[in-house]
Amino acid sequence: PDPADSEVLTALLCLLFEARDQGHLCLPLSGLATAWAVHPGAEQLALDWNFGGMGLSRKLLATGLAYRASDRMAAPAQDCAALIFDGDGPDASVYFQGMHRAESRLLQLLARHGNQAALPAPESLHAGLDAWFRQLPARHQPEKLQAAAVHQALDHRLFILGGGPGTGKTTTVFHLLHGLFLAGTAKLALAAPTGRAAARLQESLARSLTELREWLGSDHDRAFADWLGAARGMTLHRLLGQSSVFSEFDSDLTPLPFDLIVVDEASMVDLDQMLLLLTRLPATARLILVGDQNQLPSVGAGSILADLAGGERFIARVQLEHCFRSDTAILDCAKAVLAGRLPDLGGSTQGTIQSLSLGARHQANQVRHQLISRWAGEQDITSLAAACRFGDRPAADPATAARLYAEASRSVLLSPLREGPWGVQALNAQVAALLGPATEWPAGMMAMVTRNDYQRGLFNGDRGLVCRWGGRPMVWFPDP
């Protein structure tokens, strides 16, 4: 291409890289002009190449660097093309070639597994589960949509269980597993994108098992309790033997040795992981995806759960709606944001949620220091820090450490930002300064694991309390 064309090709590649970094698999042609408008000197290039119109696709196709997905005659050349156009007219989208191939393969696998419907469970099993539900105490009986999810999962190989916070997804999974065990499921895998989420799924199911064990009276029920009690949560990376992003050339593609795979926090699963999971899912196995499509987006490209929850007709799904939590203030705020509205906090300074309006930057900094100081005083973090210094004692007894950890966990500072005046780095620096002498690991500070450590049983997201023995820092973590 001539220099002007090369400039536009470079611009388009930059836009696609930006879109990928933001989690998108492609860019619609209709959105290119808007996306490019923020870049210097963009207006003339957009006019010359008709960004947002079909002139762009025609010029790119003429360079030989891009092909249409529908052009079967060009299939061999597509393997070498940098870009792929999919769709017609203003609805067309442009992909990196690898992204398009991965998305197409994922859709093929979903259709294959989804259309290979499981045989409907015997009516006697459905009726038996309904009878078991009725004998449970009222607080443990599934509500209408939870019961519907259990029955649908019995009849399908692919199933999505969705719902917002507090809607009883994990409780429903417990009932799903009970029904599927009675239907003959033998080999179970519990997984999640992060180690903490996988451990939390296992812990929640174990808690449900403890609460309901006295109603698991038959021999089959007791066998289910033993079966579920032996299940261990694991990360998706560990389940799939995945050391890096998916590549069909260096990944183990043998079928996984499971009849049923449950993936919690499925909104965090990106295109590469979902593709590898579906590639290795045995033809006769079931896959249950659990999560809230409006929470915890994937780190990599692709909002797979959200797309599946609103799209493919061959995947059965139930969206739980009833919130079982008594305090719904945070959920109400989340619903307002999803509806495109500002939460109606009314400038309140009392109750579950307190709002505060910030003015100019210097005022914001002043407010931040005041808020942190007030929080530190309410938490009495200086006394906590002193209690976490154990001098020359070899270790604190578990009861003391657990008590201090509980005190430190009563109120936690959260920020959606890593950097900047309101980011976690600035907040932690201010808290550390209040805890005592400057040190990298001040006693009384909370610490978070950022990488799974299977040898120590610690997972990404686990929190511990920094203590000091003889001047040496150590982090105490509670038992799971």
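Reckoned from all heavy atoms, side chains included, excluding hydrogens, waters and symmetry mates.
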Sub-3.5 Å donor-acceptor pair from the side chain of S93 to the main-chain atoms of D86, do we have one? no

F174 meets the ring-ring contact (aromatic ring centres under 6.0 Å, His included) criterion, sequence neighbours left out, with F224

Could you check whether any side-chain N or O of R157 sits under 3.5 Å from a backbone N or O of T284, counting only pairs where one atom can act as donor and the other as acceptor? yes

Can you measure from NE2 (H178) to CZ (F133) and round to the nearest 0.5 angstrom? 8.5 Å

Quick one: closest heavy-atom pair of L427 and S415, and the distance? CD1-CB, 4.0 Å

Just by distance, do the side chain of R317 and the backbone of I315 share a donor-acceptor pair under 3.5 Å? yes

Which pair of heavy atoms, one from A432 and one from P442, lies closest together, and at what distance? CB-CG, 4.0 Å

Throw together a table of side-chain donor-acceptor distances under 3.5 angstrom for residues 179-195, partners on residues two or more places apart or in other chains.
unit_1: T185; atom_1: OG1; unit_2: L180; atom_2: O; d: 2.9
unit_1: T194; atom_1: OG1; unit_2: A197; atom_2: N; d: 3.1

Taking atom types as modelled and ignoring hydrogens, do the side chains of Q273 and H237 form a donor-acceptor contact shorter than 3.5 angstrom? yes

Is the centre of the F477 ring less than 6.0 Å from the centre of the Y405 ring? no

Distance-only donor-acceptor pairs under 3.5 Å for side chains of residues 159-172, two or more places apart:
unit_1: T167; atom_1: OG1; unit_2: G164; atom_2: O; d: 2.6
unit_1: K169; atom_1: NZ; unit_2: G163; atom_2: O; d: 3.0
unit_1: K169; atom_1: NZ; unit_2: G164; atom_2: O; d: 3.0
unit_1: T172; atom_1: OG1; unit_2: Q146; atom_2: NE2; d: 3.1
unit_1: T172; atom_1: OG1; unit_2: G168; atom_2: O; d: 2.7

Can you check whether I84's main-chain N or O pairs, donor with acceptor, with Q97's side chain at less than 3.5 Å? no

Side chain of R468, backbone of G444: donor and acceptor closer than 3.5 Å? no

Can you tell me if R280 uses its side chain to pair, donor with acceptor, with the backbone of L240 under 3.5 Å? yes

Do L205 and L201 make a side-chain contact, defined as non-hydrogen atoms from C-beta onward lying under 4.5 Å apart? yes

Give a yes or no on whether the backbone of L136 and the side-chain of Q141 come within a donor-acceptor separation of less than 3.5 Å. yes

A153 backbone acceptor or donor facing R286 side chain under 3.5 Å: yes

Quick one: do R207 and E203 make a salt bridge, cutoff under 4.0 Å? no

When rounded to the nearest 0.5 angstrom, what is the spacing between CG in L253 and CG in L256? 10.5 Å

Taking all non-hydrogen atoms of both residues, which atom of L176 and which atom of A149 are closest, and how far apart? CD2-O, 3.3 Å

